[in-house]
Amino acid sequence: MSPLKRKRGGKGPGNKTAKKVKFTENGGNPPSKTEQEQNNEISVPAPVSMGKWKNKERVLIFSSRGVNFRTRHLMNDLRTMMPHAKADTKMDRKDKLFVINEVCEIKNCNKCLFFEAKKKQDLYMWIANSPHGPSAKFLVQNIHTLAELKMTGNCLKGSRPMLSFDPNFDREPHYALLKELFTQTFATPHYHPKSQPFVDHVFTFTIADNRIWFRNYQIIEEDASLVEIGPRFVLNLIKIFQGSFGGPTLFENPHFEPPNMHRRQIRLATAARLREKQMVREIQKMKRTEAKEDMTKDVTADVFLTPADEKPINIETEPPEAEVIKKNKRKPFKRQRMQMAR
């Protein structure tokens with residue numbers, strides 16, 4: 001037996017190609033194919049998008065240690081809505097923020113959403129263009145996740161969103177910079193492999209009360225009305241830096257109030273209310289004591305006093321004489337009185 005064995009359907013030691021077996025009925029010649037069958041075999045449905053993926057934007061979404069369950073669910077919702085997002089393990093608190101640029105380079109990402117937790121109650125979000133910048137730091141407030149809201153809206157997973165910005169984003173330069181940063185981060189690249197070629201929801205960024213309000217709505221085809229899907233959160237801008245996670249400060253929000261200062265003002269207001277209540281109690285107590293003193297001393301009591309003649313003081317040295325009681329001897333007895341009454 002020769003050492004070289006030919007595999008089924010493969011090539012042997014020679015240049016002969018393997019022949020495919022054709023099955024025919026009753027051992028006759030194979031039936032000839034009609035033109036319709038040939039067209040059916042050739043007609044393969046074309047891909048939905050014939051374009052080429054050129055915008056290679058990738059966003060890294062991760063957080064530091066110490067985040068709560070609400071932040072973790074918010075990150076999962078953002079990764080679900082953004083098919084061009086990537087995840088990574090939590091970063092240690094002791095590491096510097098410049099290490100995130102190296103993590104983005106390892107993950108082949110040029111945008112980053114980093115959630116930083118402090119004191120287990122404050123959440124900060126960094127949006128950065130890695131590795132050259134710029135970057136912005138926000139305080140995240142009023143977080144409501146998809147599982148918490150239970151809205152009636154729904155959209156296709158992986159579909160591309162529309163981005164809607166408030167007109168105030170074009171009036172000031174720092175808002176214009178944030179608009180471009182949001183557009184490059186949240187917009188799904190065209191012809192992305194994990195995206196669907198449909199636009200059925202819209203991300204809205206609205207400026208109100210010196211904060212940026214994020215909402216996600218579904219677009220209904222019948223009347224083009226909007227139904228909220230979620231999640232929702234509010235971004236309070238702190239600073240905009242020239243570099244990635246640091247560098248010179250381009251803008252600082254004058255209306256920003258640190259959460260520590262806000263909590264301190266709440267404590268001071270509570271203490272002031274307690275002091276005011278205590279002072280009111282003391283004043284009421286003093287009024288009660290003054291009223292009691294006035295009631296014990298009657299001012300009108302002297303009106304009814306009449307002056308009396310002064311009598312000389314006589315000092316008696318002997319006891320007074322006892323009075324002699326004289327009995328009426330003529331008074332009848334009780335039996336006689338009863339008989340007289342009859």
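Counting from 1, the numbers follow the sequence of the chain as shown. Just so it is clear, the model here is predicted, and its values are computed rather than measured.
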I'd like to know if [Y] and [X] are part of one continuous hydrophobic network [Ile/Leu/Val/Met/Phe/Trp/Tyr, side-chain heavy atoms within less than 4.5 Å].
X: Leu177; Y: Ile207; result: yes
X: Leu149; Y: Leu123; result: no
X: Ile212; Y: Leu139; result: no
X: Val234; Y: Phe138; result: no
X: Leu60; Y: Met75; result: no

Asp92 bridged to Lys94 by N-O distance under 4.0 Å: no

If you draw a 6.0 Å radius around [atom1] in [X], do more than 12 non-hydrogen atoms from other residues or ligands fall strictly inside?
X: Trp213; atom1: CH2; answer: no
X: Lys90; atom1: NZ; answer: yes
X: Glu105; atom1: CD; answer: no
X: Glu276; atom1: CD; answer: no
X: Lys56; atom1: NZ; answer: yes
X: Arg264; atom1: CZ; answer: no

Should the ring pair Phe214 and Phe233 be called parallel, tilted or perpendicular, given that the plane angle runs from 0 to 90° and is split at 30 and 60? parallel

[atom1]-[atom2] distance between [X] and [Y], expressed to the nearest 0.5 angstrom:
X: Lys194; Y: Lys157; atom1: NZ; atom2: NZ; value: 10.0 Å
X: Ile127; Y: Phe114; atom1: CD1; atom2: CZ; value: 13.5 Å
X: His192; Y: Asn55; atom1: NE2; atom2: CG; value: 9.0 Å
X: Lys287; Y: Gln284; atom1: NZ; atom2: CD; value: 7.5 Å
X: Phe241; Y: Thr249; atom1: CZ; atom2: OG1; value: 5.0 Å
X: Ser159; Y: Met81; atom1: OG; atom2: CE; value: 10.5 Å

If you define the side chain from C-beta out and look only at heavy atoms, does anything of [X] sit under 4.5 Å from [Y]?
X: Phe165; Y: Thr183; answer: yes
X: Arg58; Y: Lys107; answer: no
X: Ile238; Y: Asn253; answer: no
X: Asn216; Y: Arg232; answer: no

Quick check: closest heavy atoms across [X] and [Y], and the distance to 0.1 Å?
X: Val67; Y: Ala117; answer: CG1-CB, 3.7 Å
X: Ala128; Y: Ser244; answer: CB-OG, 3.9 Å
X: Tyr175; Y: Asn168; answer: CD1-O, 3.8 Å

Any chance you could lay out the side chain to side chain contact (heavy atoms under 4.5 Å, CB included) test for Arg211 and Gln141, step after step, and finish with the verdict? CA-CA 10 Å; Arg211 291 172 175 82; Gln141 299 172 333; 3.2 Å; yes

Is there a donor-acceptor contact under 3.5 Å from the side chain of [X] to the main chain of [Y]?
X: Asn68; Y: Thr71; answer: yes
X: Arg93; Y: Arg65; answer: yes
X: Gln218; Y: Asn154; answer: yes

Let's go through Ile229 and Met151 carefully: what are the C-alpha distance in whole Å and the side-chain angles of both, what is the deciding distance for side chain to side chain contact (heavy atoms under 4.5 Å, CB included) to 0.1 Å, and is it a yes or a no? CA-CA 6 Å; Ile229 305 172; Met151 294 290 185; 5.6 Å; no

Consider only side-chain N and O atoms of Asp77 and Thr80, and report whether a donor and an acceptor are under 3.5 Å apart. no

Test item: side-chain donor near acceptor, Asn129 and Lys111, under 3.5 Å: yes

Are Phe186 and Phe205 near enough that their ring centres are under 6.0 Å apart? yes

Using the six-membered ring of Tyr124, assess whether NZ or CZ of Lys118 lies under 6.0 Å from its centre and within 45 degrees of the ring axis. yes

Side chain to side chain contact (heavy atoms under 4.5 Å, CB included) between Leu78 and Phe115, intermediate numbers included: CA-CA 12 Å; Leu78 292 176; Phe115 292 90; 3.8 Å; yes

Run the side chain to side chain contact (heavy atoms under 4.5 Å, CB included) test on Ile61 and Met82 for me, step by step, so that the C-alpha distance in whole Å, both residues' side-chain angles and the decisive distance to 0.1 Å come before the verdict. CA-CA 10 Å; Ile61 302 177; Met82 302 163 62; 4.2 Å; yes

Please test Phe245 against Phe98 for ring pair (Phe, Tyr, Trp, His ring centres under 6.0 Å), starting from the C-alpha separation and ending with a verdict. CA-CA 6 Å; Phe245 298 98; Phe98 294 103; 8.1 Å; no

